[in-house]
Amino acid sequence: METREFGDIELRRVREHVWEIPQEGEMNAPARVLASEALLDHIGDDKTLEQLRNATHLPGITKHAICMPDGHQGYGFPVGGVGATDTTDGCISPGAVGYDINCGVRMMTTNLTYEDLQGHEEELVDALFEAVPSGLGGGGVVKGDAETIEDILARGMQWAVDAGYATDDDLAHCEDEGFRDDARPEFVSQKAKDRGRNQIGSLGSGNHFLEVQRVTDVYREDVAESFGLEADQIVVLIHCGSRGLGHQTCTDYLRRIEKEHKDLLDDLPDKELAAAPAGSELAEEYYGAMCAAINFAWVNRQLIMHRTREVFADVFDRDWRDMEMRLLYDVAHNIAKKEVHEVGVDPEGRPVRDGDAVEREERELYVHRKGATRAFPAGRPELPPAYADVGQPVIIPGSMGAGSYVLRGGDQSLDLTFGSTAHGAGRLMSRTKAKQEYWGETVQDELREQEKIYVKAQSGATVAEEAPGVYKDVDEVVRVSDELGIGDKVARTFPVCNIKG
DNA sequence: ATGTCC
(Lines give C-alpha, C1' and ligand atoms only; values in the text may rest on other atoms or scores of the structure.)
Protein backbone atom coordinates (compact mmCIF):
# COMPACT_ATOMS: atom_id res chain seq x y z
CA MET A 1 0.00 0.00 0.00
CA GLU A 2 1.29 3.43 -0.92
CA THR A 3 1.63 5.78 2.04
CA ARG A 4 2.89 9.31 2.77
CA GLU A 5 4.04 10.51 6.17
CA PHE A 6 3.79 14.01 7.59
CA GLY A 7 4.98 14.18 11.21
CA ASP A 8 3.05 11.53 13.15
CA ILE A 9 0.31 11.34 10.53
CA GLU A 10 0.35 8.55 7.96
CA LEU A 11 -1.79 8.94 4.88
CA ARG A 12 -2.81 5.89 2.87
CA ARG A 13 -3.44 6.29 -0.83
CA VAL A 14 -6.97 5.04 -1.63
CA ARG A 15 -6.76 5.90 -5.33
CA GLU A 16 -5.77 8.77 -7.59
CA HIS A 17 -6.18 12.07 -5.61
CA VAL A 18 -7.76 10.29 -2.59
CA TRP A 19 -5.78 9.88 0.65
CA GLU A 20 -7.02 8.56 3.98
CA ILE A 21 -6.05 8.94 7.64
CA PRO A 22 -7.36 5.65 9.10
CA GLN A 23 -9.68 5.78 12.11
CA GLU A 24 -7.94 5.00 15.40
CA GLY A 25 -8.06 5.97 19.10
CA GLU A 26 -10.70 8.58 19.88
CA MET A 27 -11.42 9.37 16.24
CA ASN A 28 -15.11 8.99 15.38
CA ALA A 29 -14.43 8.46 11.67
CA PRO A 30 -11.51 8.31 9.24
CA ALA A 31 -10.36 11.50 7.48
CA ARG A 32 -9.77 12.00 3.78
CA VAL A 33 -7.63 14.40 1.79
CA LEU A 34 -8.50 15.01 -1.85
CA ALA A 35 -5.28 16.17 -3.50
CA SER A 36 -2.65 15.52 -6.13
CA GLU A 37 0.89 14.67 -4.94
CA ALA A 38 1.93 18.29 -5.53
CA LEU A 39 -0.98 19.75 -3.55
CA LEU A 40 -0.49 17.19 -0.79
CA ASP A 41 3.03 18.55 -0.27
CA HIS A 42 1.52 21.98 0.47
CA ILE A 43 -1.22 20.53 2.68
CA GLY A 44 1.37 18.59 4.71
CA ASP A 45 3.37 21.78 5.21
CA ASP A 46 1.35 23.30 8.09
CA LYS A 47 -1.17 22.09 10.70
CA THR A 48 -3.88 21.19 8.16
CA LEU A 49 -3.61 17.41 8.59
CA GLU A 50 -3.48 17.62 12.38
CA GLN A 51 -6.57 19.84 12.35
CA LEU A 52 -8.32 17.47 9.96
CA ARG A 53 -7.60 14.52 12.23
CA ASN A 54 -8.80 16.55 15.23
CA ALA A 55 -12.06 17.25 13.38
CA THR A 56 -12.84 13.52 13.34
CA HIS A 57 -13.20 13.75 17.14
CA LEU A 58 -16.33 15.90 16.79
CA PRO A 59 -19.37 14.01 18.11
CA GLY A 60 -21.56 12.57 15.36
CA ILE A 61 -19.09 13.20 12.53
CA THR A 62 -20.35 11.04 9.71
CA LYS A 63 -18.46 8.92 7.14
CA HIS A 64 -15.26 11.00 7.14
CA ALA A 65 -13.89 14.49 7.66
CA ILE A 66 -12.66 15.76 4.30
CA CYS A 67 -9.98 18.21 3.16
CA MET A 68 -10.41 19.81 -0.27
CA PRO A 69 -7.46 20.22 -2.71
CA ASP A 70 -6.98 23.87 -1.64
CA GLY A 71 -6.95 23.07 2.10
CA HIS A 72 -4.73 24.91 4.57
CA GLN A 73 -4.72 25.45 8.32
CA GLY A 74 -7.40 27.60 9.90
CA TYR A 75 -8.84 28.36 13.33
CA GLY A 76 -9.30 24.85 14.78
CA PHE A 77 -10.80 23.31 11.65
CA PRO A 78 -8.97 23.45 8.30
CA VAL A 79 -9.93 26.02 5.67
CA GLY A 80 -10.99 23.76 2.81
CA GLY A 81 -12.60 21.38 5.29
CA VAL A 82 -15.95 19.61 5.10
CA GLY A 83 -17.44 17.93 8.16
CA ALA A 84 -20.96 16.46 8.32
CA THR A 85 -22.34 15.86 11.81
CA ASP A 86 -25.60 14.26 12.85
CA THR A 87 -28.30 16.81 13.76
CA THR A 88 -29.78 14.58 16.49
CA ASP A 89 -26.80 13.16 18.39
CA GLY A 90 -23.91 15.12 16.85
CA CYS A 91 -22.92 18.75 17.23
CA ILE A 92 -22.57 22.08 15.46
CA SER A 93 -19.21 23.84 15.49
CA PRO A 94 -18.67 27.57 14.93
CA GLY A 95 -14.98 26.74 14.47
CA ALA A 96 -15.94 24.51 11.52
CA VAL A 97 -17.88 27.37 9.89
CA GLY A 98 -15.30 30.10 10.38
CA TYR A 99 -15.26 33.68 11.56
CA ASP A 100 -16.45 35.12 8.27
CA ILE A 101 -19.91 33.53 8.16
CA ASN A 102 -21.10 33.22 4.53
CA CYS A 103 -17.95 34.49 3.03
CA GLY A 104 -18.74 33.69 -0.58
CA VAL A 105 -18.56 34.60 -4.25
CA ARG A 106 -21.01 35.71 -6.87
CA MET A 107 -20.55 36.12 -10.60
CA MET A 108 -22.54 38.53 -12.75
CA THR A 109 -22.50 38.03 -16.51
CA THR A 110 -22.85 40.78 -19.14
CA ASN A 111 -23.24 40.98 -22.92
CA LEU A 112 -20.11 43.13 -23.21
CA THR A 113 -16.95 41.78 -24.81
CA TYR A 114 -13.35 42.53 -23.87
CA GLU A 115 -13.16 44.76 -26.94
CA ASP A 116 -16.06 46.89 -25.62
CA LEU A 117 -14.15 47.44 -22.41
CA GLN A 118 -10.64 48.12 -23.71
CA GLY A 119 -9.72 51.78 -23.33
CA HIS A 120 -12.18 52.15 -20.42
CA GLU A 121 -10.21 50.13 -17.81
CA GLU A 122 -8.81 53.12 -15.94
CA GLU A 123 -12.14 54.95 -15.84
CA LEU A 124 -13.94 51.77 -14.77
CA VAL A 125 -11.57 50.78 -11.99
CA ASP A 126 -11.62 54.34 -10.60
CA ALA A 127 -15.43 54.51 -10.72
CA LEU A 128 -15.84 51.12 -9.06
CA PHE A 129 -13.35 52.03 -6.36
CA GLU A 130 -15.29 55.24 -5.74
CA ALA A 131 -18.72 53.56 -5.66
CA VAL A 132 -18.03 50.41 -3.66
CA PRO A 133 -17.03 50.95 0.00
CA SER A 134 -13.95 48.92 0.91
CA GLY A 135 -11.28 48.53 3.53
CA LEU A 136 -11.40 47.94 7.26
CA GLY A 137 -14.06 49.59 9.41
CA GLY A 138 -17.37 51.24 8.65
CA GLY A 139 -19.11 52.72 5.61
CA GLY A 140 -21.63 50.86 3.47
CA VAL A 141 -23.98 51.40 0.52
CA VAL A 142 -26.93 51.60 2.92
CA LYS A 143 -27.01 53.13 6.39
CA GLY A 144 -29.14 50.73 8.37
CA ASP A 145 -31.36 51.79 11.25
CA ALA A 146 -32.34 49.26 13.92
CA GLU A 147 -35.41 48.12 12.00
CA THR A 148 -33.54 47.68 8.71
CA ILE A 149 -30.88 45.46 10.19
CA GLU A 150 -33.53 43.21 11.77
CA ASP A 151 -35.27 42.92 8.42
CA ILE A 152 -32.04 42.11 6.57
CA LEU A 153 -31.09 39.44 9.12
CA ALA A 154 -34.55 37.85 8.97
CA ARG A 155 -35.17 37.99 5.23
CA GLY A 156 -31.86 38.35 3.39
CA MET A 157 -32.24 39.12 -0.32
CA GLN A 158 -36.03 39.29 0.02
CA TRP A 159 -35.37 42.56 1.84
CA ALA A 160 -33.17 43.70 -1.06
CA VAL A 161 -35.97 43.01 -3.57
CA ASP A 162 -38.48 45.03 -1.50
CA ALA A 163 -35.99 47.87 -1.07
CA GLY A 164 -35.32 48.06 -4.83
CA TYR A 165 -31.76 46.74 -4.80
CA ALA A 166 -32.50 43.32 -6.31
CA THR A 167 -34.80 41.70 -8.84
CA ASP A 168 -36.69 38.41 -8.54
CA ASP A 169 -34.28 37.08 -11.16
CA ASP A 170 -31.35 37.84 -8.80
CA LEU A 171 -33.10 35.93 -6.03
CA ALA A 172 -33.59 32.91 -8.29
CA HIS A 173 -29.84 32.77 -9.00
CA CYS A 174 -28.50 32.59 -5.47
CA GLU A 175 -27.78 29.63 -3.19
CA ASP A 176 -30.85 29.14 -0.93
CA GLU A 177 -32.58 31.85 -3.04
CA GLY A 178 -30.66 34.43 -1.02
CA PHE A 179 -32.25 33.73 2.35
CA ARG A 180 -32.26 31.21 5.16
CA ASP A 181 -35.68 30.72 6.63
CA ASP A 182 -34.08 29.38 9.83
CA ALA A 183 -32.59 32.82 10.58
CA ARG A 184 -33.28 34.07 14.12
CA PRO A 185 -32.15 37.72 14.42
CA GLU A 186 -32.95 37.68 18.16
CA PHE A 187 -29.95 35.40 18.68
CA VAL A 188 -27.54 37.88 17.05
CA SER A 189 -26.08 40.15 19.74
CA GLN A 190 -26.70 43.89 19.79
CA LYS A 191 -22.96 44.40 19.47
CA ALA A 192 -22.87 42.35 16.24
CA LYS A 193 -25.87 44.27 14.85
CA ASP A 194 -24.23 47.60 15.72
CA ARG A 195 -21.07 46.58 13.87
CA GLY A 196 -23.12 45.44 10.85
CA ARG A 197 -25.29 48.54 10.58
CA ASN A 198 -22.54 50.67 9.07
CA GLN A 199 -21.24 47.92 6.79
CA ILE A 200 -24.26 46.96 4.68
CA GLY A 201 -22.80 46.87 1.17
CA SER A 202 -19.06 46.93 1.80
CA LEU A 203 -16.20 44.82 0.50
CA GLY A 204 -13.97 44.67 3.59
CA SER A 205 -10.29 43.83 3.41
CA GLY A 206 -7.90 40.89 3.13
CA ASN A 207 -8.63 38.55 0.23
CA HIS A 208 -11.98 40.17 -0.54
CA PHE A 209 -12.30 41.91 -3.87
CA LEU A 210 -14.43 42.95 -6.80
CA GLU A 211 -13.00 41.96 -10.15
CA VAL A 212 -14.04 42.65 -13.74
CA GLN A 213 -12.90 39.68 -15.81
CA ARG A 214 -13.00 38.33 -19.33
CA VAL A 215 -13.83 34.73 -20.20
CA THR A 216 -10.73 33.18 -21.79
CA ASP A 217 -11.55 29.47 -22.05
CA VAL A 218 -14.65 27.34 -22.30
CA TYR A 219 -14.27 23.63 -21.48
CA ARG A 220 -17.86 22.34 -21.63
CA GLU A 221 -19.72 24.24 -24.35
CA ASP A 222 -23.16 22.86 -23.51
CA VAL A 223 -22.92 23.70 -19.79
CA ALA A 224 -21.39 27.11 -20.54
CA GLU A 225 -24.33 27.83 -22.80
CA SER A 226 -26.83 27.00 -20.03
CA PHE A 227 -24.85 29.28 -17.74
CA GLY A 228 -24.86 32.07 -20.37
CA LEU A 229 -21.07 32.08 -20.69
CA GLU A 230 -18.95 32.41 -23.82
CA ALA A 231 -15.37 33.27 -24.73
CA ASP A 232 -14.38 36.95 -24.65
CA GLN A 233 -17.40 37.90 -22.55
CA ILE A 234 -17.02 40.36 -19.66
CA VAL A 235 -18.14 39.12 -16.22
CA VAL A 236 -17.89 40.55 -12.70
CA LEU A 237 -16.82 38.58 -9.63
CA ILE A 238 -17.61 39.73 -6.09
CA HIS A 239 -15.90 38.03 -3.13
CA CYS A 240 -16.81 39.13 0.40
CA GLY A 241 -18.63 38.05 3.54
CA SER A 242 -20.57 39.22 6.57
CA ARG A 243 -17.96 41.72 7.82
CA GLY A 244 -17.91 42.64 11.51
CA LEU A 245 -21.41 41.24 12.06
CA GLY A 246 -20.45 37.67 11.22
CA HIS A 247 -17.10 37.96 13.00
CA GLN A 248 -18.80 39.20 16.18
CA THR A 249 -21.42 36.44 15.98
CA CYS A 250 -18.70 33.78 15.77
CA THR A 251 -16.82 35.37 18.69
CA ASP A 252 -19.99 35.58 20.81
CA TYR A 253 -20.80 31.88 20.39
CA LEU A 254 -17.22 30.66 20.86
CA ARG A 255 -17.28 32.41 24.25
CA ARG A 256 -20.63 30.94 25.19
CA ILE A 257 -19.45 27.43 24.27
CA GLU A 258 -16.47 27.86 26.58
CA LYS A 259 -18.83 28.79 29.40
CA GLU A 260 -21.79 26.51 28.78
CA HIS A 261 -20.27 23.37 27.21
CA LYS A 262 -16.90 23.07 28.87
CA ASP A 263 -17.35 19.28 29.21
CA LEU A 264 -17.61 18.74 25.46
CA LEU A 265 -14.75 21.18 24.90
CA ASP A 266 -12.52 19.25 27.30
CA ASP A 267 -13.15 16.03 25.34
CA LEU A 268 -11.90 17.58 22.08
CA PRO A 269 -8.20 17.56 21.14
CA ASP A 270 -8.28 21.28 20.29
CA LYS A 271 -10.59 23.73 22.01
CA GLU A 272 -10.72 25.83 18.86
CA LEU A 273 -13.02 23.12 17.44
CA ALA A 274 -15.59 24.54 19.88
CA ALA A 275 -18.78 22.61 19.28
CA ALA A 276 -22.26 22.77 20.85
CA PRO A 277 -24.13 19.45 21.27
CA ALA A 278 -26.97 18.93 18.77
CA GLY A 279 -30.31 19.66 20.40
CA SER A 280 -28.85 21.97 23.05
CA GLU A 281 -30.23 25.48 23.44
CA LEU A 282 -26.89 26.87 22.38
CA ALA A 283 -26.77 24.75 19.20
CA GLU A 284 -30.23 26.03 18.22
CA GLU A 285 -29.33 29.64 19.00
CA TYR A 286 -26.03 29.47 17.10
CA TYR A 287 -27.74 27.93 14.08
CA GLY A 288 -30.39 30.68 14.07
CA ALA A 289 -27.78 33.43 14.51
CA MET A 290 -25.49 31.92 11.85
CA CYS A 291 -28.39 31.76 9.36
CA ALA A 292 -29.12 35.45 10.10
CA ALA A 293 -25.46 36.36 9.46
CA ILE A 294 -25.69 34.34 6.22
CA ASN A 295 -28.64 36.52 5.16
CA PHE A 296 -26.62 39.66 5.96
CA ALA A 297 -23.74 38.51 3.72
CA TRP A 298 -26.07 37.86 0.79
CA VAL A 299 -27.48 41.39 1.10
CA ASN A 300 -23.92 42.67 1.33
CA ARG A 301 -22.93 41.07 -1.99
CA GLN A 302 -26.24 42.15 -3.57
CA LEU A 303 -25.71 45.83 -2.70
CA ILE A 304 -22.19 45.71 -4.12
CA MET A 305 -23.58 44.15 -7.31
CA HIS A 306 -26.25 46.87 -7.44
CA ARG A 307 -23.56 49.57 -7.25
CA THR A 308 -21.57 47.76 -9.95
CA ARG A 309 -24.57 47.86 -12.28
CA GLU A 310 -24.89 51.62 -11.67
CA VAL A 311 -21.19 52.17 -12.39
CA PHE A 312 -21.35 50.19 -15.65
CA ALA A 313 -24.46 52.14 -16.67
CA ASP A 314 -22.56 55.35 -16.04
CA VAL A 315 -19.29 54.40 -17.73
CA PHE A 316 -20.87 52.81 -20.81
CA ASP A 317 -23.87 55.19 -20.87
CA ARG A 318 -26.39 52.36 -21.19
CA ASP A 319 -29.04 50.87 -18.92
CA TRP A 320 -27.64 47.86 -17.05
CA ARG A 321 -30.54 45.75 -18.32
CA ASP A 322 -29.43 46.45 -21.89
CA MET A 323 -26.00 45.15 -20.95
CA GLU A 324 -27.76 42.02 -19.63
CA MET A 325 -26.01 42.24 -16.26
CA ARG A 326 -27.47 39.09 -14.72
CA LEU A 327 -26.48 37.18 -11.64
CA LEU A 328 -25.10 33.79 -12.73
CA TYR A 329 -24.96 32.42 -9.19
CA ASP A 330 -23.96 33.31 -5.64
CA VAL A 331 -22.23 30.58 -3.63
CA ALA A 332 -21.45 30.52 0.07
CA HIS A 333 -18.14 29.00 1.16
CA ASN A 334 -18.21 29.44 4.98
CA ILE A 335 -21.44 27.95 6.29
CA ALA A 336 -23.15 25.03 7.97
CA LYS A 337 -26.48 23.77 6.74
CA LYS A 338 -28.98 21.08 7.65
CA GLU A 339 -29.00 18.81 4.59
CA VAL A 340 -30.26 15.30 3.99
CA HIS A 341 -27.62 12.89 2.67
CA GLU A 342 -27.59 9.18 2.01
CA VAL A 343 -25.10 7.40 4.27
CA GLY A 344 -24.08 3.77 4.67
CA VAL A 345 -25.02 2.23 8.04
CA ASP A 346 -23.99 -0.92 9.92
CA PRO A 347 -26.49 -3.53 11.27
CA GLU A 348 -27.08 -1.31 14.34
CA GLY A 349 -27.91 1.69 12.14
CA ARG A 350 -24.66 3.53 12.92
CA PRO A 351 -23.13 5.47 10.02
CA VAL A 352 -20.05 3.71 8.66
CA ARG A 353 -17.91 3.99 5.55
CA ASP A 354 -19.32 2.52 2.38
CA GLY A 355 -17.25 -0.72 2.46
CA ASP A 356 -18.64 -1.70 5.87
CA ALA A 357 -22.24 -0.65 5.28
CA VAL A 358 -25.07 -3.18 5.13
CA GLU A 359 -27.56 -0.65 3.84
CA ARG A 360 -27.99 3.03 3.03
CA GLU A 361 -30.22 5.49 4.86
CA GLU A 362 -31.06 9.16 4.54
CA ARG A 363 -29.79 11.20 7.45
CA GLU A 364 -30.15 14.86 8.34
CA LEU A 365 -26.69 16.32 8.89
CA TYR A 366 -25.14 19.66 9.70
CA VAL A 367 -22.85 19.95 6.69
CA HIS A 368 -20.03 22.31 7.70
CA ARG A 369 -18.27 23.80 4.69
CA LYS A 370 -15.39 26.01 5.78
CA GLY A 371 -13.56 27.25 2.73
CA ALA A 372 -15.50 24.74 0.65
CA THR A 373 -18.25 25.30 -1.91
CA ARG A 374 -21.51 23.43 -2.33
CA ALA A 375 -21.28 21.55 -5.66
CA PHE A 376 -24.62 19.80 -6.12
CA PRO A 377 -25.10 17.87 -9.35
CA ALA A 378 -28.27 17.85 -11.43
CA GLY A 379 -31.22 16.35 -9.58
CA ARG A 380 -30.70 17.69 -6.04
CA PRO A 381 -33.99 19.28 -4.90
CA GLU A 382 -32.20 22.41 -3.59
CA LEU A 383 -31.18 23.55 -7.09
CA PRO A 384 -33.05 26.45 -8.71
CA PRO A 385 -35.05 25.64 -11.88
CA ALA A 386 -32.41 27.25 -14.12
CA TYR A 387 -29.79 24.66 -13.04
CA ALA A 388 -31.94 21.67 -12.06
CA ASP A 389 -30.92 19.65 -15.15
CA VAL A 390 -27.31 20.76 -15.51
CA GLY A 391 -25.95 21.06 -11.95
CA GLN A 392 -25.23 24.19 -9.96
CA PRO A 393 -22.60 26.74 -10.97
CA VAL A 394 -19.57 26.70 -8.66
CA ILE A 395 -17.33 29.77 -8.66
CA ILE A 396 -13.68 29.36 -7.68
CA PRO A 397 -11.70 32.59 -7.46
CA GLY A 398 -7.96 32.51 -8.07
CA SER A 399 -5.51 35.31 -7.32
CA MET A 400 -5.66 38.78 -8.90
CA GLY A 401 -3.02 37.71 -11.40
CA ALA A 402 -4.40 34.28 -12.24
CA GLY A 403 -8.13 34.60 -12.82
CA SER A 404 -10.89 32.28 -11.77
CA TYR A 405 -12.98 29.27 -12.75
CA VAL A 406 -16.61 28.45 -13.16
CA LEU A 407 -17.37 24.77 -12.52
CA ARG A 408 -20.60 22.85 -12.19
CA GLY A 409 -21.50 20.46 -9.41
CA GLY A 410 -20.10 17.03 -10.30
CA ASP A 411 -21.76 13.60 -10.21
CA GLN A 412 -19.28 12.26 -7.65
CA SER A 413 -19.69 15.08 -5.13
CA LEU A 414 -22.55 13.48 -3.17
CA ASP A 415 -20.56 10.26 -2.68
CA LEU A 416 -17.18 11.85 -1.95
CA THR A 417 -17.76 15.21 -0.28
CA PHE A 418 -21.41 15.60 0.81
CA GLY A 419 -21.82 17.66 -2.37
CA SER A 420 -18.82 19.98 -2.06
CA THR A 421 -15.65 21.09 -3.82
CA ALA A 422 -12.81 23.60 -3.36
CA HIS A 423 -13.29 27.35 -2.86
CA GLY A 424 -10.11 28.99 -4.15
CA ALA A 425 -6.41 28.65 -4.76
CA GLY A 426 -5.37 28.49 -1.11
CA ARG A 427 -2.53 30.51 0.43
CA LEU A 428 1.09 29.45 0.14
CA MET A 429 2.59 31.81 2.71
CA SER A 430 1.48 33.91 5.68
CA ARG A 431 0.47 37.54 5.33
CA THR A 432 3.56 38.56 7.29
CA LYS A 433 5.85 36.62 4.96
CA ALA A 434 4.03 38.05 1.92
CA LYS A 435 4.73 41.62 3.07
CA GLN A 436 8.42 40.78 3.37
CA GLU A 437 8.47 39.28 -0.14
CA TYR A 438 6.38 41.86 -2.02
CA TRP A 439 5.78 45.60 -2.27
CA GLY A 440 2.19 46.57 -3.20
CA GLU A 441 2.97 49.30 -5.72
CA THR A 442 5.48 47.10 -7.55
CA VAL A 443 2.92 44.29 -7.77
CA GLN A 444 0.35 46.73 -9.20
CA ASP A 445 2.80 48.18 -11.76
CA GLU A 446 3.87 44.74 -12.96
CA LEU A 447 0.29 43.50 -13.32
CA ARG A 448 -0.63 46.57 -15.35
CA GLU A 449 2.44 46.54 -17.62
CA GLN A 450 2.73 42.80 -18.17
CA GLU A 451 -0.86 41.57 -17.95
CA LYS A 452 -3.04 44.68 -18.56
CA ILE A 453 -4.67 44.11 -15.15
CA TYR A 454 -5.76 47.31 -13.38
CA VAL A 455 -5.64 46.96 -9.59
CA LYS A 456 -6.79 49.68 -7.18
CA ALA A 457 -6.68 49.18 -3.40
CA GLN A 458 -7.13 51.13 -0.16
CA SER A 459 -3.87 49.75 1.17
CA GLY A 460 -0.60 48.81 -0.52
CA ALA A 461 -0.01 46.29 2.25
CA THR A 462 -3.18 44.42 1.23
CA VAL A 463 -1.93 44.19 -2.36
CA ALA A 464 1.37 42.72 -1.11
CA GLU A 465 -0.51 40.24 1.10
CA GLU A 466 -2.60 39.19 -1.87
CA ALA A 467 0.15 39.18 -4.54
CA PRO A 468 -0.35 36.41 -7.12
CA GLY A 469 2.77 34.65 -5.85
CA VAL A 470 1.33 34.00 -2.37
CA TYR A 471 -1.31 31.66 -3.80
CA LYS A 472 -1.19 28.05 -4.92
CA ASP A 473 -1.85 27.17 -8.52
CA VAL A 474 -5.63 27.47 -8.99
CA ASP A 475 -5.34 25.42 -12.21
CA GLU A 476 -4.03 22.45 -10.21
CA VAL A 477 -6.81 22.76 -7.59
CA VAL A 478 -9.47 22.81 -10.30
CA ARG A 479 -7.80 19.96 -12.23
CA VAL A 480 -8.12 17.72 -9.16
CA SER A 481 -11.76 18.74 -8.63
CA ASP A 482 -12.52 17.98 -12.28
CA GLU A 483 -10.68 14.64 -12.34
CA LEU A 484 -12.44 13.50 -9.15
CA GLY A 485 -15.77 14.49 -10.69
CA ILE A 486 -16.81 16.62 -7.68
CA GLY A 487 -16.80 19.88 -9.69
CA ASP A 488 -16.45 19.90 -13.49
CA LYS A 489 -14.56 22.63 -15.35
CA VAL A 490 -16.87 24.86 -17.38
CA ALA A 491 -14.98 28.09 -18.08
CA ARG A 492 -11.94 30.10 -17.06
CA THR A 493 -11.66 33.86 -16.65
CA PHE A 494 -8.79 36.36 -16.53
CA PRO A 495 -8.74 39.65 -14.56
CA VAL A 496 -9.20 43.06 -16.19
CA CYS A 497 -9.92 45.42 -13.25
CA ASN A 498 -9.65 44.59 -9.55
CA ILE A 499 -10.61 46.67 -6.52
CA LYS A 500 -9.92 45.64 -2.95
CA GLY A 501 -9.54 46.86 0.63
C1' DA B 1 -11.43 37.09 7.97
C1' DT B 2 -11.65 41.04 11.92
C1' DG B 3 -12.81 48.44 14.93
C1' DT B 4 -5.75 42.29 14.10
C1' DC B 5 -7.00 42.97 22.78
C1' DC B 6 -12.08 43.24 27.36
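We name chains A, B, ... by the order of the sequence lines, and we start the count at 1 in each one. Quick caveat, the model's predicted, so the values are computed rather than measured.
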Next on the checklist: Quick test of your reading of the model: are A:D482 and A:R408 salt-bridged, counting only N-O distances below 4.0 Å?
Outcome noted: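 Between A:R408 and A:D482 there is no salt bridge, as every charged N stays at least 4.0 Å from the carboxylate O atoms.
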Could you tell me how far apart [X] ([atom1]) and [N] ([atom2]) are, to the nearest whole angstrom?
X: A:R255; N: B:dC6; atom1: CZ; atom2: P; answer: 6 Å
X: A:D100; N: B:dT4; atom1: CG; atom2: P; answer: 15 Å
X: A:H247; N: B:dC5; atom1: NE2; atom2: C1'; answer: 12 Å
X: A:D252; N: B:dC6; atom1: CG; atom2: P; answer: 11 Å
X: A:K259; N: B:dC6; atom1: NZ; atom2: P; answer: 14 Å
X: A:K191; N: B:dC6; atom1: NZ; atom2: P; answer: 6 Å
X: A:L245; N: B:dT2; atom1: CG; atom2: P; answer: 12 Å
X: A:Y75; N: B:dT4; atom1: OH; atom2: P; answer: 16 Å

Item to check | Contact nearer the 5' end of DNA chain B, comparing A:L136 with A:H208 | outcome: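 Closest to the 5' end, via its nearest nucleotide, is A:H208.
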Tell me what [X] touches on the nucleic acid: a base, only sugar-phosphate, or nothing, going by heavy atoms under 4.0 Å.
X: A:E465; result: nothing
X: A:G244; result: sugar-phosphate
X: A:S205; result: sugar-phosphate

[X]/[Y] aromatic ring centres below 6.0 Å:
X: A:Y387; Y: A:F376; answer: no
X: A:H333; Y: A:H239; answer: yes
X: A:Y329; Y: A:H173; answer: no

